[in-house]
Number of protein chains: 2
Amino acid sequence: MNIENTQSQMRKGILEFCILSIIRRGEAYPSDIVDEMRGCNLQILEGTLYPLLTRLKNADMLTYRWVESNSGPPRKYFSLTPKGEEFYNELEATWNELANAVTRLTTKKESLVSTAGNVSFGPDSPNIPTNTSTTDKQE
Amino acid sequence: MNIENTQSQMRKGILEFCILSIIRRGEAYPSDIVDEMRGCNLQILEGTLYPLLTRLKNADMLTYRWVESNSGPPRKYFSLTPKGEEFYNELEATWNELANAVTRLTTKKESLVSTAGNVSFGPDSPNIPTNTSTTDKQE
DNA sequence: TTCAAGTACTATACAACACATAGTACCTAC
DNA sequence: GTAGGTACTATGTGTTGTATAGTACTTGAA
């Protein structure tokens with residue numbers, strides 16, 4: 001439970017969305033995409049991107065065409081299919097809902113919950129430990 | 001690659017953040033949290049929440065105290081530890097960065113990439129298929 | 001011509017996590 | 001004391017990002 005891991009989890013959820021967004025603006029091949037992402041402070045690795053593109057292609061969200069390069073092997077330039085466009089739109093809606101929900105949650109004031117203070121402890125509850133803040137591991 | 005799955009992936013990354021945010025406003029027990037999340041259109045299930053809380057507690061981000069209920073067994077009321085506060089602040093910063101990055105990506109205009117049109121096809125490239133839009137599965 | 005270096009893509013094993021599901025313990029009420 | 005509800009626990013599964021190694025093509029220099 002380190003911070004890097006959690007940050008990576010956050011990124012993870014929106015990777016597809018970001019990649020589709022980049023491709024949506026115009027054909028792109030993997031290195032383009034990596035550069036774009038990095039330019040927006042979004043880490044992504046080859047080992048992540050290639051499988052993801054393959055998955056999207058096999059789901060008929062993307063197509064590609066081979067384009068020769070003058071500095072190395074040919075490249076796969078990806079673009080969105082109609083189905084991919086539709087998918088992207090749904091993801092965009094989802095993202096907006098999510099961002100709204102987070103904003104609502106994090107900006108809400110306190111004292112909506114926390115009725116716990118009114119409930120009295122049970123002095124004779126059979127299995128309830130009496131210490132207020134427990135630190136015992138129980139796995 | 002259905003939309004529900006991807007939406008779930010998006011949620012996944014921010015679950016910890018949201019839960020910490022709720023607890024941060026005041027002590028809460030699991031059902032409180034589920035209700036709060038649902039109230040913000042954020043689906044979460046028991047089977048997800050309980051392991052997550054246990055993980056956070058074992059990482060010393062949360063503590064709990066037992067509080068008797070007058071309608072069932074006693075409840076674990078969770079609250080943030082200092083370490084948890086710190087963790088939350090880092091997550092908040094990460095979320096803001098991420099949200100910014102997505103905004104930048106999705107609102108960027110086209111025509112920054114897509115220089116692909118200028119590159120000519122190689123008619124004699126050995127292993128390059130000549131069809132423009134491929135649909136072959138290759139796994 | 002052949003060998004090295006760089007670029008582009010592929011394949012495989014691994015770890016983290018949400019989710020589904022079943023199970024246990026406690027409480028209240030009839 | 002037994003049934004039903006609430007709170008929490010335990011285990012297995014599928015998806016997916018990541019790490020790492022490997023293959024194929026191109027260019028350029030010895």
Side-chain angles (χ1 to χ4, degrees), chain A residues 1-2 4-19 28-35 37 42-59 64 66-78 119 122 124-128 134 137-139, chain B residues 1-19 28-35 37 42-59 64 66-78 122 124-128 134 137-139:
Chain A
M1 174 130 304
N2 50 346
E4 289 83 12
N5 197 348
T6 306
Q7 290 169 332
S8 157
Q9 285 295 323
M10 279 197 184
R11 257 199 318 276
K12 189 172 168 175
I14 60 162
L15 273 186
E16 281 180 16
F17 177 49
C18 290
I19 287 165
Y29 82 107
S31 293
D32 278 342
I33 297 173
V34 171
D35 290 346
M37 300 279 283
L42 280 169
Q43 196 185 77
I44 187 170
L45 304 173
E46 272 201 334
T48 300
L49 183 57
Y50 281 105
L52 206 160
L53 290 172
T54 303
R55 215 161 54 237
L56 286 166
K57 189 191 75 63
N58 288 343
Y64 64 81
W66 287 100
V67 175
E68 270 203 339
S69 163
N70 43 10
S71 66
R75 302 162 174 175
K76 281 184 178 178
Y77 273 82
F78 288 87
V119 182
D124 55 348
S125 299
N127 283 344
I128 300 180
T134 58
K137 311 273 191 249
Q138 49 188 192
E139 279 153 311
Chain B
M1 174 131 304
N2 50 346
I3 185 75
E4 288 84 12
N5 199 347
T6 306
Q7 290 169 331
S8 156
Q9 286 295 326
M10 279 196 185
R11 258 201 317 276
K12 189 171 167 174
I14 60 164
L15 273 188
E16 279 181 17
F17 177 49
C18 290
I19 287 165
Y29 82 106
S31 294
D32 278 343
I33 298 174
V34 170
D35 291 346
M37 300 280 283
L42 280 170
Q43 197 184 78
I44 188 171
L45 303 174
E46 272 201 334
T48 300
L49 182 57
Y50 281 104
L52 207 159
L53 289 172
T54 302
R55 214 161 55 237
L56 286 166
K57 189 191 74 63
N58 289 343
Y64 64 81
W66 286 100
V67 175
E68 271 203 339
S69 164
N70 44 7
S71 66
R75 302 161 174 175
K76 281 184 178 178
Y77 273 81
F78 287 88
D124 54 348
S125 300
N127 282 344
I128 300 179
T134 58
K137 312 274 189 250
Q138 48 188 193
E139 277 156 310

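First the proteins, then the strands, lettered A, B, ... as listed; each starts at 1.
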From CD1 of I33(B) over to C1' of dA18(C), roughly how many Å is that when rounded to an integer?
16 Å
Can you check each nucleotide of nucleotides 1-8 of chain C against protein heavy atoms at under 4.0 Å and return B for base, S for sugar-phosphate only, - for none, in 5' to 3' order?
-----BBS
Quick one: is dC17(C) close enough that its OP1 or OP2 comes under 4.0 Å of any side-chain N or O from R11(B)?
no
Compare the minimum distances between each of dT18(D), dT9(D), dA16(C) and the side chain of Q9(A), then state the nucleotide with the smallest one.
dA16(C)
Length of the line joining I44(A):CD1 and dT16(D):P, which is rounded to integer Å:
14 Å
To the nearest angstrom, the CG-C1' distance between L49(B) and dC19(C) comes to 13 Å
Phosphate OP1/OP2 of dT16(D) contacted by R55(A) side-chain N/O (<4.0 Å):
yes
Just the rounded figure in Å: distance from P of dT15(D) to CD1 of I3(B).
16 Å
Take the protein atom CG of L45(A) and the nucleotide atom P of dT16(D), then report the distance between them rounded to whole Å.
18 Å
Could you state the interatomic distance from CD (Q9(A)) to CD (E16(B)), rounded to the nearest 0.5 Å?
7.5 Å
Enter the distance from L56(A):CG to T6(B):OG1 here, rounded to the nearest 0.5 Å.
8.0 Å
Heavy-atom nearest nucleotide on DNA chain C taken for G47(B) and for F78(A); more 5' hit belongs to F78(A)
Report yes if some heavy atom in the side chain of Y29(A) is under 4.5 Å from a heavy atom in the side chain of V67(A); otherwise report no.
no
Which part of the nucleic acid does T48(B) contact within heavy-atom distance under 4.0 Å: base, sugar-phosphate only, or nothing?
base
When we call it a touch if two heavy atoms are under 4.0 Å apart, what does L52(A) touch: a base, just sugar-phosphate, or nothing?
sugar-phosphate
Is any side-chain heavy atom of I44(B) closer than 4.5 Å to a side-chain heavy atom of R11(B)?
no
What is the distance, rounded to the nearest whole Å, between atom CG of N70(A) and atom C1' of dT27(D)?
11 Å
From CD of E68(A) over to P of dT27(D), roughly how many Å is that when rounded to an integer?
8 Å
Please determine whether a side-chain nitrogen or oxygen atom of N5(B) lies at a distance below 4.0 Å from atom OP1 or OP2 of dT16(D).
yes
Whole-Å gap separating C1' (dA7(D)) and CG (D32(B))
12 Å
State the CG-CG distance between L53(A) and L49(A), to the nearest 0.5 angstrom.
4.0 Å
Do T48(B) and K12(B) pass the side-chain contact (heavy atoms from CB on, under 4.5 Å) test, and can you show the C-alpha distance, the side-chain angles, and the key distance before you say yes or no?
CA-CA 10 Å; T48(B) 300; K12(B) 189 171 167 174; over 6 Å; no
Spell out, as yes or no, whether a donor-acceptor pair under 3.5 Å connects the side chain of T54(A) to the backbone of Y50(A).
yes
